[in-house]
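Structure, as structure tokens:
What you are looking at is a predicted structure, and each value in this text was computed from that prediction instead of being measured.
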Amino acid sequence: MQGWKKGVKMRLQNMFKKTGERENPVRKGRLRRRPEAPEGLLKKCNKCGAAILSEEVINGAYICPKCHGYFRVPAYKRIEMIADEGSFEEWDMDLDGMDGPPDPLQFKGYSEKIKKLREQTGLKEAVVTGRVKINGKQAVIGVCDGRFMMASMGYAVGEKITRAVERATNENLPVILFTCSGGARMQEGIISLMQMEKTSAALKRHSDAGLLYVTVLTDPTTGGVTASFAMLGDIIIAEPQALIGFAGPRVIEQTIGEKLPEGFQRAEFLLEHGFVDQIVKRENMKPVLGRILKMHDHVHPDCRKGKEIRKSDRTEPVQKAGMTEKKAGKKAAEQEPWSEKSLTAWERVCRSRSKERPVGKDYIDILFEDFVELHGDRYYKDDRAVIGGIAYFQGKPVTVIAQAKGKTTKENLERNFAMPSPEGYRKALRLMKQAEKFGRPVICFVDTPGAFCGMEAEERGQGEAIAHNLYEMSGLKVPVLSVVIGEGGSGGALALAVADEVWMLENSIYSVLSPEGFASILWKDSKRANEAAKVMKLTAEDLKQLGIIEQVIAEPEEFNEETLPAVAEKLNRQIQGFVTKYSKIPSEELVEKRYQRFRKM
């Protein structure tokens, strides 16, 4: 009886093995083969081991219906998934490695392997390039296909990508590259290595032309591809759980003699460490790419020379739900600046720190449409004390950045109480430079007790990060507006407030340091903070009279989420006026005016 059961079990197991494939005892655990889309009627998921229908996987965006793990997608199928129907025009389809240095190492069996792969896959090489439309917007696309030598980059791959980028530059088109690669193609030796520089140089010219480049990192993206075109995107997107790194996991483990932690080099790891803007699920990829393309559709190289930017598709002003004077009360909306003359400086300090006060994310949500948050400084980390990204304001794309306090103790801990680390300032600067490239105005919301003071912040160069922001913001060739909405603490606030105009909400503060710190340093008594607040001249009224700021925005007596719409309505009108006025000023004049603004202080 036992023997019969064992025989049945063996036969059932054999049903779900791939035809003609022998089980290799080495391919287990970490070293087991990465999932390919199954062939045949009924096969086994390489990730979860479940029996699955091949047709169901293919029709389901190459995702396992059981464990939702991602299979690799053939290049033409990937294009079919994201391109508007019938819009794909393939380029250089006949280009292959034989057009360049033919088999430079004369590596044994290489030419035969290439011929065999062409027969098996129907591809000439490991990347497909061409022009597509995504939600009506044109782009140049390149998709690596892991079935062809793990999409390793030899001469043909580098040449096809370079030609596609060069043509995109000539035709003023954005580029989207889907990466999936084991890196440089060893069989082509040094010729393969040179493709890293060739593709990178082409992308530099594309970038200098003011054009958008988006990379989508899929599993796996490693080696020379990671160290070249994969990580050069203006916006870098990754699929969930994609393996992304320069050295492969096995190489690292062999080098350090330790087992790597779970999740190391996965997309989520890179997002946390500041190298990826977003992780996007496969089913959402087309709409996300469509939104990004639309937000950059207005871009023209001359936008940085002071010419008026062409209107986007959305010409009607955006009216946010609930943003009416009626909801918050006409009294609040019509309130004059400094109407509460009886408030002392210390009382305004306390109001600026109130837990009920709206935070940076509230202003983004109520003032802007279609906010796309972008993450990371591209060096070390994504600092959650700073939120930044692209959005529409009155139908025009802008870059918006906010120092972000939380609304609960948990949120404040996650956001470090809006005290940015160096990577927060570097993220903000990265987004500002991106805005400059694409001609977008920059709008910053300042609300921080100050830059984070900690050992790790000093190790990573807190002072350098702030200094570099001041240096670069002074020369940004696009309009910059900064609004102090709560606390404006010292250099940590100034690093987001080198602007053409600085505004303050009525009960916000802006100072060289906190009143407690001032009293402690100068009077050796932090209990004299109340007295220090008055001496420091840190209120909006004080700073307007000193010529440090341009405008004071009135607040209702009770300022919270419920009364925010009245303030937002006023801000909405004034920001619109700012953007209209400063977008007409040529870039050289804009930079000179900003320089003179601070020069006279």
Side-chain angles (χ1 to χ4, degrees), residues 18 33-40 43-48 50 52-88 90 93 117-118 120-135 139-153 157 160-161 164 175-183 214-222 225-226 229-230 233 236-244 266-267 276 278-290:
K18 292 183 181 290
R33 195 158 65 92
R34 286 293 172 200
E36 299 285 356
E39 297 176 356
K43 293 297 175 184
K44 185 178 180 179
C45 173
N46 289 10
K47 279 198 168 185
C48 67
I52 50 178
L53 292 169
S54 298
E55 186 178 358
E56 189 176 358
V57 171
I58 293 168
N59 293 336
Y62 288 76
I63 300 172
C64 174
K66 306 293 184 181
C67 69
H68 305 292
Y70 281 21
F71 295 105
R72 295 186 189 126
V73 182
Y76 290 111
K77 281 288 184 180
R78 175 78 73 176
I79 293 167
E80 184 181 310
M81 288 162 60
I82 66 160
D84 295 349
E85 187 175 356
S87 69
F88 178 57
E90 186 169 359
M93 63 185 302
L117 283 169
R118 286 174 182 164
Q120 291 175 345
T121 64
L123 300 168
K124 282 291 185 72
E125 254 294 346
V127 67
V128 175
T129 60
R131 188 205 322 259
V132 294
K133 284 186 178 179
I134 301 175
N135 291 345
V140 171
I141 193 170
V143 181
C144 295
D145 196 317
R147 297 174 301 160
F148 201 105
M149 295 197 72
M150 203 45 250
S152 55
M153 181 163 65
V157 170
K160 287 189 75 170
I161 290 173
V175 172
I176 301 171
L177 294 182
F178 282 80
T179 67
C180 170
S181 179
V214 180
T215 52
V216 183
L217 312 181
T218 72
D219 184 60
T221 297
T222 60
V225 167
T226 300
F229 66 85
I236 299 178
I237 294 170
E239 287 192 328
Q241 285 293 307
L243 175 69
I244 304 160
R266 295 292 169 180
V276 168
Q278 285 192 357
I279 294 175
V280 178
K281 292 182 178 179
R282 194 167 283 172
E283 59 268 30
N284 298 329
M285 191 64 70
K286 181 175 180 177
V288 167
L289 290 174

Report task. Would you mind reporting whether E239 and M285 have side-chain heavy atoms less than 4.5 Å apart? Result -> yes

Requested in this report: Check whether any side-chain heavy atom of R266 lies under 4.5 Å from a side-chain heavy atom of D219, and answer yes or no.
Outcome: yes

Requested in this report: Please tell me if the side chains of V128 and F88 come closer than 4.5 Å, counting only heavy atoms from C-beta onward.
Outcome: yes

Report task. State plainly whether the residues E90 and K124 are in salt-bridge range, i.e. N to O under 4.0 Å. Result -> no

**Report entry** Test item: R282 side-chain N/O and Y62 main-chain N/O as donor-acceptor pair under 3.5 Å
**Finding:** yes

Query raised in the report: Under the 3.5 angstrom rule, does the side chain of T226 hit a backbone N or O of T221 as a donor-acceptor pair?
Result: yes

Query raised in the report: Would you say the side-chain atoms of S181 pair up with the backbone N or O of A151, donor to acceptor, closer than 3.5 Å?
Result: yes

**Report entry** Point-to-point distance, once rounded to the nearest 0.5 Å, from CD of E125 to OG of S152
**Finding:** 7.5 Å

Requested in this report: Compare all side-chain heavy atoms of C180 with those of R72 and state whether any distance is below 4.5 angstrom.
Outcome: yes

Query raised in the report: Judged by atom type as modelled, is there a donor-acceptor pair below 3.5 Å linking the side chain of K66 to the main-chain atoms of C48?
Result: no

Report task. With the side chain counted from C-beta on, respond yes when N135 and D84 share a heavy-atom pair under 4.5 Å apart, and no when they do not. Result -> yes

Query - Euclidean distance, C144 SG relative to L217 CG, rounded to 0.5 Å - result: 10.5 Å

Report task. Check whether any side-chain N or O of T215 sits under 3.5 Å from a backbone N or O of A230 as a donor-acceptor pair, and report yes or no. Result -> yes

Query raised in the report: Side chains of F229 and L177: does their closest heavy-atom pair fall under 4.5 Å?
Result: yes

Query raised in the report: Looking at side-chain heavy atoms only, is the closest gap between M153 and V127 below 4.5 Å?
Result: no

Query - Considering all heavy atoms, the nearest F71-V57 contact - result: CD1-CG1, 3.4 Å

Requested in this report: Please tell me if the side chains of I176 and I134 come closer than 4.5 Å, counting only heavy atoms from C-beta onward.
Outcome: yes

Requested in this report: Give a yes or no on whether the backbone of V280 and the side-chain of N284 come within a donor-acceptor separation of less than 3.5 Å.
Outcome: no

Query raised in the report: Should we count CD of E85 as having more than 12 external heavy atoms under 6.0 Å?
Result: no

Requested in this report: Would you indicate whether K133, at its atom NZ, is surrounded by more than 12 heavy atoms from other residues, nucleotides or ligands within a distance under 6.0 Å?
Outcome: no

Query raised in the report: Looking only at atom types and distance, does a side-chain atom of D145 sit under 3.5 Å from a main-chain N or O of P74, one as donor and one as acceptor?
Result: no

